[in-house]
Amino acid sequence: MKIVIIGGVAGGATAAARLRRLDEKAEIVLFERDAYVSFANCGLPYHIGGVIERRKDLLLQTPRGFKSRYDVDARVLSEVIAIHPDSKSVTVREVNTGRSYVEGYDKLIVSTGASPVKPNINGVDNERIFTLRNIPDMDRIKAAVAREGVGSAVVVGAGFIGLEMAENLKEVGLSVTVIEQLNQVMSTVDYPMAAMVHRYLRSLGVSLLLGETVTAFETAGDRLRVHTKSEKAIDTDMVILSIGVRPDTKLAREAGLTMGCLGGIKVNDYMQTSHPDIYAVGDAVEVTNLVTGKPALIPLAGPANKQARIAADNIIMGNSRTYKGTVGTSIAKLFDMSVAAVGATERLLQKEGIEYITSICHGASHSGYYPGALPLSLKINFAPDGKLLGAQAVGFGGVDKRIDLLAQVIRNGGTVQDLQEIEHAYAPPFSSAKDPVNMAGFIAENILQGRLKIIHWHDVDTRDPETVVIDVRTKEEYQGGHIEQSLHIPDDELRERLNEVPKGKTIYTYCKIGLRGYVAARILMQYGFEEVYNLSGGYDTYVCCNDSIAQMSSS
């Protein structure tokens with residue numbers, strides 16, 4: 001059997017290695033249009049920032065290595081320019097010579113990935129403007145950063161790659177401005193979690209222009225001027241475009257393969273395209289979002305690797321393994337902060353018309369009494385029947401293991417009740433006896449059982465004027481800042497001061513993070529106060545979100 005693979009990196013290279021392990025006699029040819037067949041693309045920003053010092057550490061495999069270890073014919077600088085399903089062949093153009101030839105196949109794997117989106121605006125082809133997709137892109141950016149006199153950068157787009165680039169450019173000494181069209185960074189998380197990121201990045205000197213659109217670029221002396229829709233003009237030495245990616249499907253489209261509703265290649269559960277001898281994997285394909293049950297584009301390395309392994313198995317052993325879909329688990333490091341997400345955001349749930357409830361809890365990376373405990377915040381979105389739909393985590397330690405736990409619950413169709421029952425490895429240096437994931441489950445169960453009613457940060461300032469807001473924090477906390485027109489009754493004094501709480505009114509309780517507010521709400525409810533609501537995430541979330549909005553308005 002002869003198998004041709006179009007594209008290397010995560011999908012193509014993984015498929016090639018798996019195919020060889022399954023069939024020693026198969027003829028395997030891998031075409032890669034760039035000079036590097038297998039590299040760690042997720043590590044590219046960190047070489048630019050100097051964290052990964054040696055460039056060669058990013059090169060996972062070479063054509064020579066593929067040949068000697070796997071007997072795979074990996075041909076770099078060889079661009080497939082056409083697929084011919086009827087004759088089961090591809091046309092290949094050698095990048096260096098321009099020579100074209102035809103290569104036949106029995107089975108074909110398309111792993112063409114995704115391309116950075118480049119907006120159609122004036123000046124976008126300026127040599128000081130870069131995108132980051134591969135090793136040559138990385139080399140160009142690193143060389144630009146090293147040029148004498150380069151001291152600033154604008155990053156357009158605040159997704160994972162954009163913010164990782166912002167971090168690494170800042171780490172090598174550049175002043176960095178991030179411009180984002182949305183009103184928040186990282187669309188994979190909801191606004192309250194993004195607001196924490198906004199506060200942290202600004203504290204480190206990263207300028208954020210949110211809710212802003214770039215309209216043009218122009219040369220300004222020896223610098224580059226970035227123009228925005230609100231008529232701002234920012235002079236900089238270089239620009240990184242990171243406004244997203246789109247599936248690279250030109251070959252598949254021209255070959256007549258069926259496309260999905262989102263513009264990716266449509267595949268079945270076996271990773272098989274509309275042509276039975278052609279499979280497709282990675283960022284170019286549409287997969288099933290396991291939360292919504294609908295097609296999704298998930299440009300992540302983990303799913304690409306898994307899809308490639310499944311496609312290889314099905315080619316060699318017949319269609320026997322299925323790719324069930326993804327929940328889109330992701331994480332990013334931003335200086336010392338980690339930001340992670342899985343499943344559906346509120347925006348997606350609203351778009352799909354899925355009913356949901358959301359709650360926030362603030363905890364710590366491990367037991368507070370053990371030295372070094374760091375802030376950790378969790379937000380979960382769940383259905384009225386308790387099914388977990390999405391989760392997000394922001395913090396400075398232990399974020400990865402919490403999001404991994406939450407991801408498995410979502411992937412298995414689990415509920416908030418399952419969060420309460422998760423058994424985790426506990427010792428004071430690693431966690432708490434009631435882990436933040438357990439706490440998120442406890443809070444959600446209280447909401448579902450009617451033991452707790454909640455309101456959110458955005459409900460506070462739009463409340464009915466007759467609503468009674470009670471701050472149950474200490475005197476010192478209250479004096480440090482509080483919600484306007486709130487009644488101050490510390491938690492420990494509430495039972496003795498119930499006569500100060502008006503009857504027949506809607507009541508909002510709040511504390512720093514939500515726990516004491518919950519205790520106060522339970523006291524009030526059991527003394528006959530009916531419409532009692534606790535502020536989810538407490539005063540910390542309220543202030544963080546409102547500060548972020550104020551910063552955006554003033555920038």
Side-chain angles (χ1 to χ4, degrees), residues 190-192 195 346 349-350 354-362 377-389 415-417 419-420 439-475 477-478 481-546 549:
D190 293 320
Y191 193 83
E346 290 193 59
L349 295 169
Q350 290 165 7
I354 298 172
E355 191 177 356
Y356 71 93
I357 303 166
T358 188
S359 66
I360 298 172
C361 67
H362 300 290
S377 300
L378 294 181
K379 182 177 187 294
I380 61 171
N381 301 326
F382 53 99
D385 65 359
K387 184 178 181 181
L388 190 61
L389 303 173
T415 68
V416 295
Q417 286 79 16
L419 300 185
Q420 301 175 67
M439 290 300 299
F442 297 150
I443 293 169
E445 185 200 35
N446 283 336
I447 294 170
L448 293 175
Q449 295 296 325
R451 289 187 287 268
L452 172 66
K453 297 176 184 177
I454 59 171
I455 44 99
H456 299 284
W457 67 274
H458 50 78
D459 297 318
V460 174
D461 293 339
T462 58
R463 68 188 183 272
D464 185 291
E466 294 297 310
T467 301
V468 178
V469 181
I470 304 177
D471 185 324
V472 301
R473 298 172 301 158
T474 64
K475 179 180 178 181
E477 288 176 295
Y478 183 80
H482 56 267
I483 294 172
E484 290 186 12
Q485 297 178 333
S486 57
L487 176 64
H488 180 226
I489 305 178
D491 219 16
D492 295 341
E493 301 175 15
L494 183 57
R495 290 182 181 86
E496 287 71 38
R497 297 174 59 183
L498 287 173
N499 62 316
E500 299 178 32
V501 182
K503 290 278 189 177
K505 302 277 189 179
T506 297
I507 298 170
Y508 291 174
T509 60
Y510 77 91
C511 62
K512 177 179 171 60
I513 61 173
L515 178 57
R516 286 173 290 170
Y518 164 61
V519 172
R522 289 301 302 157
I523 292 172
L524 291 169
M525 291 170 71
Q526 292 178 83
Y527 275 98
F529 295 87
E530 295 181 355
E531 292 301 309
V532 182
Y533 299 81
N534 186 40
L535 176 58
S536 183
Y539 187 69
D540 279 3
T541 297
Y542 170 81
V543 169
C544 189
C545 291
N546 281 287
I549 291 171

Please tell me if the side chains of Asp459 and Tyr533 come closer than 4.5 Å, counting only heavy atoms from C-beta onward.
no

Do the side chains of Val472 and Val519 get nearer than 4.5 Å, heavy atoms only?
no

Check for a donor-acceptor pair, side chain of Glu445 on one end and backbone N or O of Gly441 on the other, with a separation under 3.5 Å.
no

Is there a side-chain contact between Arg463 and Gln485 (heavy atoms, below 4.5 Å)?
yes

Are Val416 and Ile447 packed together at the side-chain level, in the sense that at least one heavy-atom pair is separated by less than 4.5 angstrom?
no

Give a yes or no on whether the backbone of Glu346 and the side-chain of Asp190 come within a donor-acceptor separation of less than 3.5 Å.
yes

Can you tell me how far the CD atom of Glu531 sits from the CE atom of Met525, to the nearest 0.5 Å?
9.0 Å

Can you tell if the side chain of Thr474 reaches within under 4.5 Å of the side chain of Arg516, non-hydrogen atoms only?
yes

Partner residues of His482 under the ring pair (Phe, Tyr, Trp, His ring centres under 6.0 Å) criterion, sequence neighbours left out
Tyr478

Basic-acidic side-chain contact under 4.0 Å: Arg473, Asp471:
yes

Pairwise side-chain contact, Leu452 with Asn534, heavy-atom cut-off 4.5 Å (strictly under):
yes

Can you tell me if Ser536 uses its side chain to pair, donor with acceptor, with the backbone of Ile360 under 3.5 Å?
yes

Compare all side-chain heavy atoms of Phe442 with those of Gln420 and state whether any distance is below 4.5 angstrom.
yes

Partner of Thr541 under side-chain hydrogen bond (donor to acceptor under 3.5 Å, both in side chains), picked from Lys379, His362, His456, is His362

Please report the closest heavy-atom contact between Cys361 and Ile443, naming both atoms and the distance.
CB-CD1, 3.5 Å

If you count heavy atoms of other groups shown closer than 6.0 angstrom to CZ of Arg497, is the number above 12?
yes

Distance (rounded to the nearest 0.5 Å) between Leu388 CG and Tyr356 OH:
14.5 Å

Are the side chain of Thr358 and the backbone of Ile380 linked by a donor-acceptor contact shorter than 3.5 Å?
yes

Does the side chain of Leu498 come within less than 4.5 Å of Leu524's, by heavy atoms?
yes

Taking the six-membered ring of Tyr539, is NZ or CZ of Lys512 closer than 6.0 Å to its centre and within 45° of its axis?
no

Gln350 atom CD, neighbour heavy-atom count above 12 within 6.0 Å:
yes

Applying ring pair (Phe, Tyr, Trp, His ring centres under 6.0 Å), can you list everything that pairs with Phe529, at least two apart in sequence or on another chain?
none

So which heavy atom on Leu389 is nearest to which on Ala383, and how close?
CD1-N, 3.7 Å

Leu448 and Phe382: side chain to side chain contact (heavy atoms under 4.5 Å, CB included), yes or no, with the steps?
CA-CA 10 Å; Leu448 293 175; Phe382 53 99; 3.9 Å; yes

Backbone N or O of Leu535 within a donor-acceptor pair of the Tyr542 side chain at under 3.5 Å?
no

